[in-house]
A.B. asks: 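So that we are looking at the same thing, I have put the structure below in structure tokens.
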Amino acid sequence: MTVVLKLQHVSVPMPPDRQDEARAFYRDVLGMAEKQPPTALHDLNVVWFSAGDDVQEVHVFPDESMNHNASGQHLCLQVDSLEAFRAEMSSHGVAIEETTPIRNRPRCFVRDPFGNLIEIAEILGDYD
């Protein structure tokens with residue numbers, strides 16, 4: 001049986017022609033490195049970002065409808081300090097949405113400029 005090793009990427013929508021806003025948020029506010037998408041996808045106007053030192057990525061793609069399917073639809077980024085993250089978001093004027101606490105997983109949510117929900121979590125140990 002094949003084993004899933006880890007999350008490789010998450011794709012989130014943005015309205016067409018808003019790549020600069022995607023860069024301003026994911027690169028400049030969240031501090032993620034922009035990554036060159038494959039040449040074969042150049043015509044799709046996607047913007048990719050590395051999530052940490054591994055091969056995990058966030059892909060932001062143009063979507064004319066911007067139809068968010070469910071309130072629970074989100075991606076989660078692990079950070080080394082949730083407290084420092086909160087201060088950084090405050091300095092950028094990004095609203096923080098509180099959520100149900102989980103033991104050893106301090107977390108909160110933010111939204112990118114297009115309304116996509118992003119969970120930010122610090123991993124301190126087992127949650128149960």
Side-chain angles (χ1 to χ4, degrees):
M1 174 187 253
T2 302
V3 176
V4 174
L5 300 176
K6 64 179 138 184
L7 177 68
Q8 194 278 318
H9 79 269
V10 173
S11 294
V12 295
M14 69 178 159
D17 302 318
R18 307 261 302 263
Q19 290 81 358
D20 287 342
E21 287 179 66
R23 288 181 179 97
F25 183 77
Y26 287 94
R27 184 188 63 204
D28 302 340
V29 173
L30 292 182
M32 299 171 71
E34 186 171 351
K35 183 173 186 167
Q36 186 67 34
T39 305
L41 302 181
H42 179 74
D43 291 345
L44 298 179
N45 295 315
V46 296
V47 188
W48 287 13
F49 301 92
S50 295
D53 296 331
D54 209 343
V55 294
Q56 297 165 339
E57 301 163 348
V58 174
H59 301 170
V60 188
F61 65 94
D63 179 24
E64 196 74 43
S65 69
M66 284 301 297
N67 181 15
H68 299 285
N69 295 326
S71 61
Q73 177 181 327
H74 70 280
L75 64 102
C76 180
L77 300 173
Q78 181 181 346
V79 297
D80 58 352
S81 169
L82 188 64
E83 185 177 321
F85 176 85
R86 287 174 178 274
E88 185 69 20
M89 293 304 97
S90 179
S91 75
H92 285 284
V94 175
I96 294 186
E97 300 177 26
E98 300 303 336
T99 190
T100 305
I102 298 175
R103 187 172 86 78
N104 285 327
R105 296 290 195 275
R107 63 197 187 115
C108 64
F109 287 91
V110 297
R111 292 192 182 268
D112 72 8
F114 321 113
N116 294 304
L117 191 60
I118 303 169
E119 180 178 357
I120 306 298
E122 184 178 354
I123 309 300
L124 301 176
D126 291 336
Y127 51 82
D128 282 329

A.B. asks: Shared ILVMFWY cluster between Val47 and Phe61, side chains joined below 4.5 angstrom?
C.D. replies: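 Cluster IDs for Val47 and Phe61 differ.
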
A.B. asks: Let me confirm one number: the OG1-CD1 distance from Thr99 to Ile120, rounded to the nearest 0.5 Å.
C.D. replies: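 That separation rounds to 12.5 Å.
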
A.B. asks: Please round to the nearest 0.5 Å and tell me the distance separating atom CZ of Arg18 and atom CG of Asn45.
C.D. replies: 14.5 Å

A.B. asks: What pairs with Gln56 under side-chain hydrogen bond (donor to acceptor under 3.5 Å, both in side chains), at least two apart in sequence or on another chain?
C.D. replies: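 Gln56 satisfies side-chain hydrogen bond (donor to acceptor under 3.5 Å, both in side chains) with no other residue.
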
A.B. asks: Under 4.5 Å between side-chain heavy atoms, hopping through other hydrophobics if needed: is there a path connecting Leu82 to Val94?
C.D. replies: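 Yes; tracing contacts between hydrophobic side chains, which count when under 4.5 Å, links both residues.
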
A.B. asks: Looking at side-chain heavy atoms only, is the closest gap between Phe49 and Glu57 below 4.5 Å?
C.D. replies: no

A.B. asks: Consider only side-chain heavy atoms of I, L, V, M, F, W and Y, link residues closer than 4.5 Å, and tell whether Phe114 and Val46 are in one cluster.
C.D. replies: no

A.B. asks: What's the shortest heavy-atom distance between Pro16 and Pro62, and which atoms?
C.D. replies: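 Smallest heavy-atom distance, with atoms named: CA-CB, 4.0 Å.
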
A.B. asks: How long is the span from the CG atom in Leu7 to the NE2 atom in His9, to the nearest 0.5 Å?
C.D. replies: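 With rounding to 0.5 Å, CG (Leu7) is 8.5 Å from NE2 (His9).
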
A.B. asks: Under the salt bridge (charged side-chain N to carboxylate O under 4.0 Å, His left out) test, which residues partner Arg105, sequence neighbours left out?
C.D. replies: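 Checked Arg105 against salt bridge (charged side-chain N to carboxylate O under 4.0 Å, His left out); zero matches.
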
A.B. asks: If a pair satisfies ring-ring contact (aromatic ring centres under 6.0 Å, His included) and one of its residues is in residues 92-111, list it, with sequence neighbours excluded.
C.D. replies: His74-Phe109

A.B. asks: So how far is it from Gln8 CD to His59 NE2, rounded to the nearest 0.5 Å?
C.D. replies: 5.5 Å

A.B. asks: Run the numbers on Val60 and Phe25 for side chain to side chain contact (heavy atoms under 4.5 Å, CB included), then give the verdict.
C.D. replies: CA-CA 11 Å; Val60 188; Phe25 183 77; over 6 Å; no

A.B. asks: So, does Glu119 use its side chain to make a donor-acceptor pair with the main chain of Cys108 at under 3.5 Å?
C.D. replies: no

A.B. asks: Is a salt bridge present between Arg86 and Glu83, judged by a nitrogen-to-oxygen distance below 4.0 Å?
C.D. replies: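 Here Arg86 does not pair with Glu83 in a salt bridge, since their nearest N and O are not under 4.0 Å apart.
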
A.B. asks: Which value, rounded to the nearest 0.5 Å, describes the distance between Glu97 atom CD and Ile118 atom CD1?
C.D. replies: 10.5 Å

A.B. asks: According to a 4.5 Å side-chain heavy-atom criterion applied to Ile, Leu, Val, Met, Phe, Trp and Tyr, with indirect links allowed, do Phe85 and Ile123 form part of one hydrophobic cluster?
C.D. replies: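 In one cluster with Phe85: Ile123, no.
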
A.B. asks: Would you call Glu122 and Arg107 a salt bridge, using N to O less than 4.0 angstrom?
C.D. replies: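 No, no charged N to carboxylate O under 4.0 Å.
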
A.B. asks: Do side-chain atoms of Asn116 reach the backbone of Pro13 as a donor and acceptor pair under 3.5 angstrom?
C.D. replies: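 Yes, because the side chain of Asn116 sits within donor-acceptor range (under 3.5 Å) of the backbone of Pro13.
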
A.B. asks: Below 4.5 Å, heavy atoms only, C-beta onward: do Thr39 and Leu41 meet side chain to side chain?
C.D. replies: no

A.B. asks: Can you tell me how far the CZ atom of Arg103 sits from the CG atom of Asp126, to the nearest 0.5 Å?
C.D. replies: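 Reported to 0.5 Å precision, the distance equals 7.5 Å.
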
A.B. asks: Would you say the side-chain atoms of Asp63 pair up with the backbone N or O of Met14, donor to acceptor, closer than 3.5 Å?
C.D. replies: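 Flag not set: sc Asp63 to bb Met14 has no pair under 3.5 Å.
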
A.B. asks: With a 4.5 Å cut-off on side-chain heavy-atom distances among I, L, V, M, F, W and Y, is there a chain of contacts connecting Tyr26 to Trp48?
C.D. replies: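 Per the 4.5 Å side-chain linkage, Tyr26 and Trp48 are not co-clustered.
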
A.B. asks: Carefully, step by step, assess Leu44 and His42 under the rule side chain to side chain contact (heavy atoms under 4.5 Å, CB included).
C.D. replies: CA-CA 5 Å; Leu44 298 179; His42 179 74; over 6 Å; no

